[in-house]
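Some notes on the structure that comes next.
Throughout, a chain's letter reflects where its sequence line sits, starting with A, and its residues are numbered from 1. Computed from a predicted structure; not experimentally measured.
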Amino acid sequence: VTTTTSRAPSSAEESALAPELLVRLYDRMLLSRCLEERLIRMNKQGDGFFWVGGPGEEALNASLGLLVHKGQGPEFDYLHLHYRSTATLLAMGAEPIDTLRQMKNVATDPYSAGRNFCNHYSVRRWNVVPVSSPIEVQFSMAPGTALANKRAAEQGRGRGITIVQGGDAGTAEGDFSTCLVWSSLPRRELPCLMIVANNQWGISTPASEQHAEKHIADRASVFGIKNAVVDGNDAEVCYRELKKAMDYVRIEQRPFLFEAMVSRLYGHSSASGANFVPEEVDCLAPFERKLEERKIMTRTEMDELRAKYTQQLLEASKRVRDEPPPKGDDIKKYVYSEKDLVHGSSGTKNGVH
Amino acid sequence: MATLVQAIRLALHVGEERLGVTDVFGQDVGPPLGGVFTQSQGLKTAWNTPLDERGIVGMAIGLALAGQRPVAEIQFCDYAFNMIDLLKLAGGMCWSSAGDWNCPMVLMTPVGSGIRGSIYHSHSFDAQATRIPGWKIVMPSNPLDAYGLLLSAIRDPNPVMYLAPKALLRTKASPGERIPGEPDDDRTLSKMIDAPLGDRSKWRPDWPDVKDVLVPIGQARVCRLGRNVTVVTYGRMVSIAMQAAEALAGDGIEVEVVDLRSLAPYDWDAVRASVKKTRRALFLNEDTEVTNFGEHLLRRTVEELFYELEAPPKLLAGAHVPGIGLADPLERASVPQADQVIRALRELARHEA
């Protein structure tokens with residue numbers, strides 16, 4: 001087993017991405033940031049009880065969303081995300097107004113019909129498994145979908161992989177070890193990409209007080225799992241390195257642990273105030289400089305795009321305010337499923353963005 | 001006539017052959033052992049897992065979401081307490097996604113006392129299990145129900161917990177409870193499907209052509225008719241209740257025995273009909289008595305049938321102590337015994353309103 005570990009910060013100069021791709025990536029990152037800022041405003045204005053999200057993870061998460069093989073069933077990628085994955089969903093083509101609907105917990109919220117916090121996505125037609133608040137449980141489920149991916153691939157049905165994402169603090173949970181163990185069983189390795197978005201915080205507790213390991217990614221090495229640590233604030237690096245990791249998992253049908261060093265730009269959640277943290281690197285800023293330097297976009301174009309998204313989301317939030325709340329009488333709906341939704345519907349590619 | 005554990009094995013075989021079961025797995029479930037109680041011997045999809053209950057449940061959830069049909073096993077329910085949040089996750093998959101996903105998996109685990117299993121091989125799980133909405137929960141008391149409930153569980157689009165009373169696993173079917181298609185002679189069946197002692201690497205089972213029998217989830221069975229007093233029970237306590245009923249028949253007390261078979265959803269119509277007839281009710285199970293499922297049934301009986309009753313309803317359950325004591329007098333003091341059941345039923349029958 002060869003375990004290559006790239007520990008030197010990846011350099012952006014390695015190979016520049018195509019300008020159209022960089023514009024697309026920037027667009028999704030910016031939309032995601034504007035959406036988070038709108039969510040935070042909504043929360044502060046009383047339009048929604050709680051905010052938690054992913055400002056600071058856009059470079060990583062938008063890259064992921066653009067790279068996903070999107071569809072339904074084990075021929076396509078499964079996503080076990082966390083509540084900071086906003087940019088991933090937007091990059092996959094989710095409508096931003098739907099996130100506002102979940103924030104406002106209205107009946108039209110397509111992810112939970114007003115039952116769950118914002119940024120707790122569920123999109124079966126894209127294999128997005130319901131995001132849940134307990135930290136790290138997604139790492140226990142991921143080997144299951146990865147095994148289904150592997151079986152489909154062995155039968156010549158696609159090359160779907162499973163992607164599971166969490167933060168650094170959650171890696172202390174046993175579920176993280178579960179994923180390392182189960183995805184690397186001898187002769188039964190699974191196509192499972194584990195992503196750790198390391199913002200070096202667990203709510204208010206710094207990682208330096210709780211983690212003696214130098215890099216979380218190091219934990220993969222003892223299982224023979226290939227791994228990398230990357231600068232999660234460099235969008236180009238994120239995209240390029242994620243693509244490499246995903247290609248590896250897809251082609252080799254083996255696991256990979258991808259640790260991205262990211263920022264947490266508005267704190268943990270609304271519970272800690274959700275105020276901008278100027279001390280941390282904002283992944284949009286270096287990306288905007290790069291786009292300007294390479295003459296891909298001008299400062300004015302970027303400013304106009306930001307103003308446009310900010311305005312659109314403000315208007316959307318007003319529309320959502322008038323949408324009906326869920327009915328209390330529906331509280332027992334969906335305790336049990338009458339239909340077997342997950343069987344017989346696989347193999348459909350859905351939604352093009 | 002099949003034993004209860006053979007009935008489980010036959011149902012798993014039918015599940016593999018006709019109902020699309022893709023995986024029967026857990027610790028020691030695959031070859032060579034085929035389960036610590038022999039329940040998965042000879043099955044073609046049985047495999048061994050790491051000793052990781054959270055991983056086992058997570059694997060089952062992931063497989064289910066990806067359209068496989070998993071049957072997972074936790075070796076003893078005593079080891080299921082570290083995975084309650086994953087059980088909540090499976091139970092909440094449909095509700096929290098507002099019907100976007102269903103999670104069709106079966107989780108089997110042996111429960112209860114009666115094999116001198118001491119503190120950690122004797123727990124019950126029905127009180128815990130019924131605290132987790134979104135699951136269907138079944139508990140057979142005889143081989144035919146064990147077979148029919150498992151087939152129904154496999155076909156259900158929801159997560160189903162299958163609680164197997166471990167003290168009954170070796171009990172044989174009563175006359176009239178034969179699984180259609182099983183050989184008449186016990187020794188013939190054993191030769192066909194029980195793995196030999198010693199090296200079994202070349203052994204293959206010779207499965208009898210058993211027919212489908214579906215015991216609907218949510219349907220109780222009145223296993224003895226009586227006019228004077230009702231006992232509502234399930235699992236191992238059914239045979240104790242039957243013994244008590246037989247003993248009391250000599251005193252002219254007719255006991256009606258209702259075997260609930262499913263705890264979620266449960267057959268309230270059957271309970272109500274029997275209690276309205278006899279006007280006296282005992283709720284009997286071996287889980288600890290504080291916040292016990294029988295307490296729930298008793299509460300509902302009081303609330304809905306109060307004016308029908310001619311005696312205060314009773315609960316007879318396990319002592320509220322941390323475990324089952326190993327020594328015989330301790331185990332007997334931990335869970336209801338036949339003499340206590342007889343006494344309770346006699347008191348109910350003789351109570352003058």
Chain B shares the most heavy-atom pairs under 4.5 Å, among M141(A), R115(A), H80(A), with R115(A)
How far apart are the C-alpha atoms of T49(B) and Q27(B), what are their side-chain angles, what is the distance that settles it, and do they pass the side chain to side chain donor-acceptor pair (under 3.5 Å) test? CA-CA 5 Å; T49(B) 68; Q27(B) 197 199 339; over 6 Å; no
- Message: Regarding Y234(B) and D126(B), do their side chains bring together a donor and an acceptor under 3.5 Å, going by distance alone?
- Response: yes
Whatever's closer than 4.5 Å to a heavy atom in chain A on A90(B) counts as neither
Turns out that what part of N82(B) lies under 4.5 Å from chain A's heavy atoms comes down to neither
Student check: side-chain heavy atoms of L190(A) and T162(A) closer than 4.5 Å: no
With chain B, the option among K333(A), R151(A), K332(A), E338(A) that has the most non-hydrogen atom pairs under 4.5 Å is R151(A)
Assert top hit (heavy-atom pairs under 4.5 Å, partner chain B, pool R188(A), H120(A), Q138(A)) equals R188(A)
message = Would you say that L63(B) contacts M105(B) through its side chain, given a criterion of any heavy-atom pair below 4.5 Å between the two side chains?
response = no
Give me the ring orientation class for H121(B) and F76(B): parallel if the planes are under 30° apart, tilted from 30 to 60°, perpendicular past 60°.
-> perpendicular
Under 4.5 Å to a heavy atom of chain B? For V335(A) that would be both
Check your understanding: Within 45° of the six-membered ring axis of Y336(A) and under 6.0 Å from that ring's centre, is NZ or CZ of K136(B) located there?
Key -> yes
The interface call for V128(A) against chain B, heavy-atom contacts under 4.5 Å, is backbone
